[in-house]
A.B. asks: 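Sharing a structure below in structure tokens format, with a few things to ask.
Only heavy atoms go into these numbers, but all of them, side chains included; no hydrogens, no water, no symmetry mates.
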Amino acid sequence: MIRVYSYQDFNNLYDRNSGRIFQDLELRKCRFISCALSITRNPRRRSLVRNVRLIQCEEIGCAIDTAIIEDTVIDGLKTSDLLQTWGAVYKHVVLKGNIGRIMISPVIATGWAKPHQQAAFDKANAEYYQQVDWALDISEARFYECEIQRVPAPLIKRDAETQVIITREKALSDVWRKLDLSKTHWRTSIEFFLERGDPDVVLVAPKRHPKFNDLLDGLKMLRDAGVAEPD
């Protein structure tokens, strides 16, 4: 049975080392204020979110930490600033509608986690994705800003025109350094991608960003130069 919450505020909820399961929920036009999900440095204590729908919700000063998120739909999300996720993994998660500023990062407990704790999550997350047919569907999302790190690009359903794949092999060719990407941040994005050592990345031109047309033109240049995959 699905539990439905509408027009409710959730304040100062910190899910820490609980290993809880949050499932079978629908939240409509709710606000999350100063909340954090799945704060832990132990992969065995991370929380699971499953079969959840968030519709036209808002977050203010929140974070998603090391959660496992599955079979979830986020249809419209207002963010107060940059909503960051830290070490979370995804299976069958759809983002659609107007979405604010988000960044998906593989880093856990930034500034606090010890190297062996980060390594444990890196290993657990890599093993998790080996069993996933697709992780994220962002094809119908209208982002204001979106950066995705270390979610395997083949597991992301995309809008091919505005969301492109770059492989490490193509980025190492340095062809992109010869392009005029000065009106975009793609040069910095590719440099950071190479520094992380990931095999691939999805670059997203966010449709609601003021520089969307410039960012889209930059993706077209990358594709025309053979740096981004042709789709």
Side-chain angles (χ1 to χ4, degrees), residues 82-95 99 101-108 110 113 115 118-231:
L82 179 64
L83 174 62
Q84 294 176 278
T85 79
W86 303 105
V89 287
Y90 310 88
K91 177 182 177 182
H92 301 171
V93 176
V94 177
L95 285 81
I99 306 287
R101 302 177 61 216
I102 68 167
M103 186 183 84
I104 293 173
S105 170
V107 178
I108 68 159
T110 179
Q118 180 67 57
F121 273 93
D122 290 343
K123 181 176 184 292
N125 290 356
E127 291 174 349
Y128 178 86
Y129 281 128
Q130 289 177 3
Q131 309 300 320
V132 171
D133 54 348
W134 63 271
L136 295 171
D137 183 346
I138 59 172
S139 61
E140 297 183 40
R142 297 185 295 274
F143 295 105
Y144 188 91
E145 183 179 321
C146 177
E147 180 177 351
I148 300 174
Q149 301 175 7
R150 207 172 295 171
V151 179
L155 301 184
I156 300 176
K157 297 185 177 184
R158 302 169 292 114
D159 167 24
E161 181 182 4
T162 64
Q163 302 162 351
V164 306
I165 293 176
I166 295 182
T167 64
R168 185 170 184 80
E169 179 183 8
K170 294 291 181 65
L172 287 171
S173 71
D174 279 353
V175 171
W176 54 274
R177 297 187 187 275
K178 302 174 184 177
L179 303 177
D180 182 8
L181 299 171
S182 58
K183 293 183 179 181
T184 78
H185 57 259
W186 297 138
R187 182 179 297 274
T188 301
S189 296
I190 297 172
E191 288 172 348
F192 284 166
F193 157 57
L194 289 175
E195 287 177 10
R196 291 194 303 271
D198 298 339
D200 49 40
V201 68
V202 171
L203 300 184
V204 177
K207 296 178 181 178
R208 297 170 56 234
H209 194 280
K211 295 183 66 176
F212 168 69
N213 288 328
D214 290 334
L215 293 168
L216 183 60
D217 288 344
L219 293 186
K220 290 179 179 177
M221 280 191 276
L222 290 167
R223 183 180 280 119
D224 291 344
V227 180
E229 294 301 296
D231 284 313

A.B. asks: Under a 4.5 Å cut-off applied to non-hydrogen side-chain atoms, are Gln118 and Val107 in contact?
C.D. replies: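 In contact.
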A.B. asks: Should we say atom NZ of Lys183 is surrounded by more than 12 heavy atoms from elsewhere, each under 6.0 Å from it?
C.D. replies: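 Result for NZ/Lys183: open.
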A.B. asks: side-chain contact (heavy atoms from CB on, under 4.5 Å), that's the test. Do Phe143 and Arg208 meet it? Break it down for me.
C.D. replies: CA-CA 6 Å; Phe143 295 105; Arg208 297 170 56 234; over 6 Å; no
A.B. asks: Just how far is it from atom NZ of Lys157 to atom CD of Glu140, taken to the nearest 0.5 Å?
C.D. replies: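 Answer rounded to 0.5 Å: 10.5 Å.
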A.B. asks: Just wondering, do Val202 and Leu136 contact through their side chains at under 4.5 Å, heavy atoms?
C.D. replies: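 A side-chain contact is absent here, since even the closest heavy-atom pair is not under 4.5 Å.
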A.B. asks: Should Lys91 and Tyr128 count as side-chain neighbours, where that means a heavy-atom distance under 4.5 Å?
C.D. replies: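 Yes, close enough: below the 4.5 Å cut-off.
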A.B. asks: Using every non-hydrogen atom in the two residues, find where Ile166 and Ala228 come nearest and quote the distance to one decimal.
C.D. replies: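 So the minimum-distance heavy-atom pair works out to CG1-CA, 4.0 Å.
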A.B. asks: Pick out which of Val227, Leu203, Asp224, Leu181 makes a side chain to side chain contact (heavy atoms under 4.5 Å, CB included) with Leu219.
C.D. replies: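 When side chain to side chain contact (heavy atoms under 4.5 Å, CB included) is applied between Leu219 and each of Val227, Leu203, Asp224, Leu181, only Leu203 qualifies.
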A.B. asks: Hey, are the side chains of Asp122 and Arg150 touching, using non-hydrogen atoms and a 4.5 Å cut-off?
C.D. replies: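 Yes - at least one pair of side-chain heavy atoms lies under 4.5 Å apart.
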A.B. asks: Between the main-chain N or O of Ser182 and the side-chain N or O of Asp180, is there a donor-acceptor pair closer than 3.5 Å?
C.D. replies: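 Indeed, once roles are kept as given, a pair shorter than 3.5 Å links the two residues.
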A.B. asks: Okay, side chain of Arg158, backbone of Gln163: is any donor-acceptor separation there less than 3.5 Å?
C.D. replies: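 Yes, because the side chain of Arg158 sits within donor-acceptor range (under 3.5 Å) of the backbone of Gln163.
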A.B. asks: Looking at every non-hydrogen atom in both residues, tell me the closest pair between Met103 and Leu82 and how far apart they are.
C.D. replies: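 Reported closest heavy-atom pair: N-CD1, 3.9 Å.
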A.B. asks: Measure the CE-CG distance between Met221 and Leu216 for me, rounded to the nearest 0.5 Å.
C.D. replies: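 Met221 CE to Leu216 CG: 10.0 Å, rounded to 0.5 Å.
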A.B. asks: Can you give me the closest heavy-atom contact between Leu215 and Trp186, atom names plus distance?
C.D. replies: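 Closest pair (atom of Leu215, atom of Trp186, distance): O-NE1, 2.9 Å.
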A.B. asks: So Thr110 and Gln84, do their side chains get closer than 4.5 Å, heavy atoms only?
C.D. replies: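 Counting from C-beta outward, Gln84 and Thr110 never come under 4.5 Å.
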A.B. asks: Where do Pro210 and Tyr144 come nearest, in terms of heavy atoms and distance?
C.D. replies: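 Shortest heavy-atom separation between Pro210 and Tyr144 comes out as CD-OH, 3.5 Å.
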A.B. asks: As an exercise, state the distance from CZ of Phe192 to CD1 of Ile190, rounded to the nearest 0.5 Å.
C.D. replies: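 One finds 12.5 Å between CZ of Phe192 and CD1 of Ile190.
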A.B. asks: In plain terms, say whether Glu191 and Arg187 are close enough for a salt bridge, that is, a side-chain N and a carboxylate O under 4.0 Å apart.
C.D. replies: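 Judged by the 4.0 Å cut-off on N to carboxylate O distance, Glu191 and Arg187 do not form a salt bridge.
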A.B. asks: Quick one: pull up SG in Cys146 and CG in Leu95 and give me the separation to the nearest 0.5 Å.
C.D. replies: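 So the gap between those two atoms works out to 7.5 Å.
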A.B. asks: What are the two closest non-hydrogen atoms of Val201 and Arg196, and how far apart are they?
C.D. replies: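 Reported closest heavy-atom pair: CG2-NH2, 3.9 Å.
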A.B. asks: Just wondering, do Arg223 and Asp231 contact through their side chains at under 4.5 Å, heavy atoms?
C.D. replies: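 SC-SC contact between Asp231 and Arg223 confirmed.
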A.B. asks: Between Lys207 and Phe212, what is the shortest heavy-atom contact and its length?
C.D. replies: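 Minimum heavy-atom contact is CA-CD1, 3.6 Å.
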A.B. asks: Identify which one of Asn125, Asp137, Thr85 satisfies the side chain to side chain donor-acceptor pair (under 3.5 Å) criterion when paired with Tyr90.
C.D. replies: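 Single pass found, and it is Thr85.
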A.B. asks: Measure the shortest side-chain to side-chain distance between Val132 and Val89 over non-hydrogen atoms and say whether it is less than 4.5 angstrom.
C.D. replies: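 A side-chain contact under 4.5 Å is absent here.
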A.B. asks: Given side chains that start at C-beta, do those of Asp200 and Pro154 come closer than 4.5 Å, heavy atoms only?
C.D. replies: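 Result yes, sub-4.5 Å side-chain heavy-atom pair found.
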A.B. asks: Between atom CG of Leu83 and atom CD1 of Ile104, what is the distance when rounded to the nearest 0.5 Å?
C.D. replies: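 Here the interatomic distance stands at 9.0 Å.
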A.B. asks: Report the distance from atom OG1 of Thr162 to atom CZ of Arg142, rounding to the nearest 0.5 Å.
C.D. replies: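 So the gap between those two atoms works out to 11.5 Å.
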A.B. asks: Would you please test Thr167 and Glu229 for side-chain contact (heavy atoms from CB on, under 4.5 Å) and show each step?
C.D. replies: CA-CA 8 Å; Thr167 64; Glu229 294 301 296; 3.8 Å; yes
